Chemist: 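This structure is in structure tokens; I'll ask about it shortly.
Since this is a predicted model, take the numbers as computed values, not measurements.
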Amino acid sequence: MSEKNNTAFQLSSGVLVGPSVVQRRGRARRLFQFSTMVAIITLALLMWSQLEHATLDILTSGCANHAKVDVFDWFKVHPSRSLQWHRCYDKFECTRLSVPLDYSEPEGDRAAVALVKLPSKLPPDDERYRGPMLFNPGGPGGSELAGSFREPLNSGVSSEMSVNFTTPSLDIFETKAEQSAWNNNRVPHVNATVDALGIAYGQASVLGQLAKARTRHSAEHVGTPVVARDMLSIIKAHDMALSWEQHMLPCFPYVCNIIQWVPINGVTQQNNVERLISDGVVDADNYYATLWSNNLRDTDGALFNLYDKCVEAGPDACPLHEQTAYRVKRRVDKILDGLKTTPISFYNATLGTYDIVDFSIAKSAIFATLYNTHRDGKKLVLALAELEKGNAQPSWEASGQGSPKDIFECECPAGSAYLPSNAGRGPQTAIACGDGKVVRDDIFDLEEFYGELAQRSSFADVWQMRTRCAGWKIKAKERFTRSRHFSSVEKIKTSHPILLIGNTLDPVTPLWNAHKMSAAFEDSVVLTQKSPGHCSLAATSLCTAKHIREYFRNGTMPPTGTICNVESSIFGGPPQLNTWNAEDQELIRALDGLHQNFVIPSF
């Protein structure tokens with residue numbers, strides 16, 4: 001890809017150049033959605049309606065349940081350098097695209113990128129056919145996985161996504177039992193106990209040593225630049241089949257936070273991308289410095305917004321209701337403080353589940369809820385109210401913890417040929433730490449780092465990427481390097497202006513980031529959505545949907561300073577449809593369904 005000022009984009013033949021990337025190889029839970037856009041009728045047709053989170057048994061079952069894998073056996077699909085599709089998952093098509101593991105050695109070892117396509121109902125030679133949309137929404141290295149897919153609202157979208165079957169794997173652990181034991185050895189939040197930071201640092205160091213000894217060959221090729229090359233390979237393979245030259249490449253919701261600002265050093269690729277959206281934007285300078293220190297600017301504000309809405313909703317809707325938001329906060333803080341010395345256990349005889357909820361688990365449940373407060377906020381306050389009364393199970397469920405009784409289900413290999421990998425935080429750590437500068441912090445440096453971060457956010461103890469990177473021993477073979485910050489360079493001119501989207505109270509990618517990155521790109525615009533949650537799908541907004549639709553339909557940018565309200569809420573019911581026309585009602589239903597079911601990638 002061409003470079004200008006060592007940056008990601010360059011004006012080239014009227015087409016935006018800058019494919020985006022996220023997690024690489026190793027079933028590292030990267031999701032590509034490669035969509036053929038025919039008639040852009042609704043936002044759901046563009047990006048999301050084909051996704052509904054209802055994870056398939058084959059993606060969650062233990063290795064003893066091999067019979068469930070018969071739904072589709074990915075490893076019967078021979079990797080090919082062309083896109084050779086096979087019927088899968090009822091109405092979808094699947095393939096494994098063979099690409100170089102190391103692009104500097106194109107005839108060396110190969111990787112196989114798993115893709116899923118929802119075929120368009122219109123042929124490529126139809127005048128309404130607009131080219132592929134490559135959709136990569138999760139990470140870096142997070143557990144974003146769409147296991148169930150729904151019919152689009154209308155014809156005209158073709159989608160492809162790798163669903164955790166990309167190889168070679170990045171499995172650090174040699175058996176499921178070893179992997180499960182490690183995952184069950186929970187890392188406490190760094191202020192939960194006096195030795196919590198030391199434990200976290202020690203575990204990060206062990207994980208780094210294991211990865212270096214066992215997965216270095218794969219882990220060196222896990223990272224942002226190399227996956228950008230993968231995405232170019234996908235586009236080229238599509239071109240070979242259809243002889244197309246222009247592509248729309250929206251990256252939603254998270255992947256573009258990092259990828260959008262990444263060059264592919266030494267590679268010139270023109271006419272690959274027509275338009276680009278980045279939703280939930282990372283401060284690229286901070287990311288590549290491996291600091292992870294700017295993410296929590298609005299996290300406490302997002303939580304306080306929940307307290308405010310609790311006060312407005314009243315005691316019938318919010319069981320933690322008090323006269324002011326500050327009183328609600330004190331009540332929650334008291335619950336959390338009590339768990340530091342007196343964790344609460346539970347046992348459900350009907351389900352056979354049991355566990356102990358301590359300070360770290362409860363804090364994790366709160367933090368996870370902030371990713372989609374409009375969907376999960378009410379459930380959280382109900383869980384905390386039950387926790388206050390001694391019932392820990394709802395908070396345990398909200399935290400996403402697995403049951404201890406299930407961790408040693410079998411002794412089969414962790415990298416089973418029949419099931420996707422469950423490498424946990426390994427891929428995320430490999431990408432986020434391998435992409436950036438080497439972190440050489442010792443325990444005393446980390447204490448200073450978290451002390452400073454705690455001055456900005458009460459969630460500093462949850463934010464442990466810096467600790468993980470301090471233990472990571474492997475650097476990506478191909479890395480992005482810059483001599484200057486994005487904020488210090490001349491504005492970068494792109495073939496079409498970039499649209500950036502940010503929520504007013506995003507817990508991990510604050511709106512401030514979007515404005516900073518927008519300042520680096522000529523004519524780019526920040527569309528603000530007035531809501532909490534990570535990325536615009538964390539709320540239902542007809543306004544946001546229409547602006548995105550117009551951007552893809554004809555390239556229209558929202559006016560500078562546009563702020564979109566939302567139709568969803570924390571304590572209210574579903575959006576009322578009687579005030580909209582039939583087309584808007586259809587769009588609202590699709591958006592609300594996606595808001596309720598789409599799992600937003602988390603750190």
Side-chain angles (χ1 to χ4, degrees), residues 1-21 131 133-134 136 224-225 228 231-232 235 245-288 294 480-502 509-529 536 544 547-564:
M1 180 168 51
S2 299
E3 295 183 37
K4 178 181 179 181
N5 296 327
N6 195 29
T7 54
F9 299 104
Q10 181 174 352
L11 182 64
S12 175
S13 303
V15 179
L16 183 63
V17 178
S20 299
V21 300
M133 185 189 302
L134 188 57
N136 193 339
T224 295
M231 297 174 79
L232 288 177
I235 290 172
E245 295 183 353
Q246 287 189 335
H247 313 281
M248 290 197 173
L249 179 54
C251 305
F252 187 89
Y254 175 72
V255 59
C256 293
N257 303 342
I258 295 168
I259 306 311
Q260 175 171 317
W261 328 119
V262 178
I264 304 180
N265 299 321
V267 177
T268 299
Q269 293 291 340
Q270 297 183 350
N271 300 331
N272 286 311
V273 182
E274 187 175 345
R275 292 168 196 152
L276 179 66
I277 288 177
S278 177
D279 187 342
V281 182
V282 157
D283 175 357
D285 294 320
N286 192 270
Y287 173 78
Y288 286 111
N294 278 346
F480 171 54
T481 57
R482 293 183 53 82
S483 59
R484 294 185 293 173
H485 289 187
F486 281 96
S487 57
S488 66
V489 301
E490 179 184 350
K491 279 184 176 287
I492 304 156
K493 187 174 179 62
T494 55
S495 59
H496 193 89
I498 303 168
L499 176 59
L500 303 96
I501 304 175
T509 54
L511 183 61
W512 181 90
N513 291 352
H515 286 286
K516 175 186 173 180
M517 299 310 300
S518 177
F521 291 87
E522 186 172 308
D523 297 326
S524 64
V525 171
V526 175
L527 174 63
T528 300
Q529 181 169 290
S536 63
T544 299
H547 280 300
I548 293 176
R549 182 173 62 184
E550 288 305 304
Y551 177 77
F552 282 116
R553 173 182 284 166
N554 52 37
T556 302
M557 303 292 287
T560 300
T562 298
I563 300 176
C564 283

Chemist: Looking only at heavy atoms, which two atoms of M557 and P497 are closest? And how far apart?
Modeler: CE-CB, 3.7 Å
Chemist: Do you know the tightest heavy-atom contact between S536 and T544?
Modeler: CB-CG2, 4.1 Å
Chemist: Looking at Y551 and I498, what are the two nearest heavy atoms and their distance?
Modeler: OH-CA, 4.0 Å
Chemist: Any heavy-atom pair between the side chains of F521 and T494 that's under 4.5 Å?
Modeler: yes
Chemist: Report yes or no: does K516 contribute a side-chain atom to a donor-acceptor pair with the main-chain N or O of D283 at less than 3.5 Å?
Modeler: no
Chemist: Enter the distance from I492:CD1 to S524:OG here, rounded to the nearest 0.5 Å.
Modeler: 9.5 Å
Chemist: What I'd like to find out is whether the side chain of M517 reaches to under 4.5 Å of the side chain of L500, using heavy atoms alone.
Modeler: yes
Chemist: Using 0.5 Å steps for rounding, measure from the CG atom of L499 to the CZ atom of F552.
Modeler: 8.0 Å
Chemist: Can you measure from CG (D523) to NZ (K493) and round to the nearest 0.5 angstrom?
Modeler: 6.0 Å
Chemist: Sub-3.5 Å donor-acceptor pair from the side chain of H515 to the main-chain atoms of V526, do we have one?
Modeler: no
Chemist: For the CG atom of N286 and the CG atom of N294, what is their distance to the nearest 0.5 Å?
Modeler: 4.0 Å
Chemist: Residues two or more places apart in sequence or in another chain: which of them pass side-chain hydrogen bond (donor to acceptor under 3.5 Å, both in side chains) with T528?
Modeler: none
Chemist: Please list, chain by chain and in numerical order, all residues satisfying side chain to side chain contact (heavy atoms under 4.5 Å, CB included) with T562, sequence neighbours excluded.
Modeler: L527, H547, P558, P559, C564
